Amino acid sequence: MGAKTEKLLSILTLQPVIPVLLVDSVATAIPLARALAAGGLKAIEITLRTESALDAIRAVADEVEEAVVGAGTILNMRQFEQAMNAGSRFIVTPGTTQELLDVARKAPVPLLPGAATVSEVMALREEGYSVMKFFPAEPAGGVAYLKALSSPLAGVSFCPTGGITPANARDYLTLPNVVCVGGSWVAPKELVNAGDWKAITRLAEDACALTAS
């Protein structure tokens, strides 16, 4: 698990914000990934919430060399394997099941498992995980909750996702147990639909400026 944790951290530490993307069309996936990478957001999470998601992951993995594409909203073993076979370099889940833990243990790609409670974090730590997705971040307690976890659960790092915006992202990034945040604001649907890739690149640049300092 140590080597996969290192691999995961090497991805999550590329940038302060991991774009969480809902891709409706494969045709937009490649220019979107390129626009985000041009602004400094090379690692992206394409969620399996659309019929185009797997094809979009495959297209980005094959054609956008500068991007590090991962798959999100993975709910079961079948989706995990499909995403991995499509070229995902990391897998993100909103929560965790034994089935997901079993397939992740054998898989070559790292898993960022979701957790929202102290018990879930402790259970994942017993499985060897020290880096987790905190989801849904804002409804589950936000900055104050994660701050409270930092002492009793020392050594565990989080990528908070869910309700993160430019207005509160920096508050999360100042926490010692936050490695990065996940957010969808860097790729608004209206800009994607309009093909305004330059505007998305500017949003990516602004997101990269959200440092802990």
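Everything numeric in this text was worked out from a predicted model, so none of it was measured. One is the number of the first residue; the rest follow in order along the sequence.
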Can you see which heavy atom on [X] is nearest to which on [Y], and at what distance?
X      : Y      : value
Met77  : Glu99  : N-OE1, 3.1 Å
Leu124 : Gly114 : CD1-O, 3.9 Å
Lys133 : Pro94  : NZ-CA, 4.3 Å
Val143 : Leu175 : O-CD1, 3.8 Å

Flag the pair [X] / [Y] as yes when at least one side-chain heavy-atom distance between them is below 4.5 Å, and no otherwise.
X      : Y      : value
Phe90  : Leu111 : no
Pro160 : Val178 : yes
Lys189 : Asp24  : yes
Cys159 : Leu112 : yes

Under a 3.5 Å distance rule, please check whether Asp55 uses its side chain to pair with a backbone N or O of Ser52 as donor and acceptor.
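Looks like no, no N/O pair under 3.5 Å.
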
Ring centres under 6.0 Å, that's the criterion: do Phe134 and Tyr145 meet it?
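Yes; Tyr145 has its ring centre under 6.0 Å from that of Phe134.
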
For Ile44, which of Val68, Val60, Ile18 qualifies under side-chain contact (heavy atoms from CB on, under 4.5 Å)?
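For Ile44, the side-chain contact (heavy atoms from CB on, under 4.5 Å) check succeeds only for Val60.
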
Step by step, work out the side chain to side chain contact (heavy atoms under 4.5 Å, CB included) result for Thr5 and Ser130.
CA-CA 8 Å; Thr5 299; Ser130 59; 3.7 Å; yes

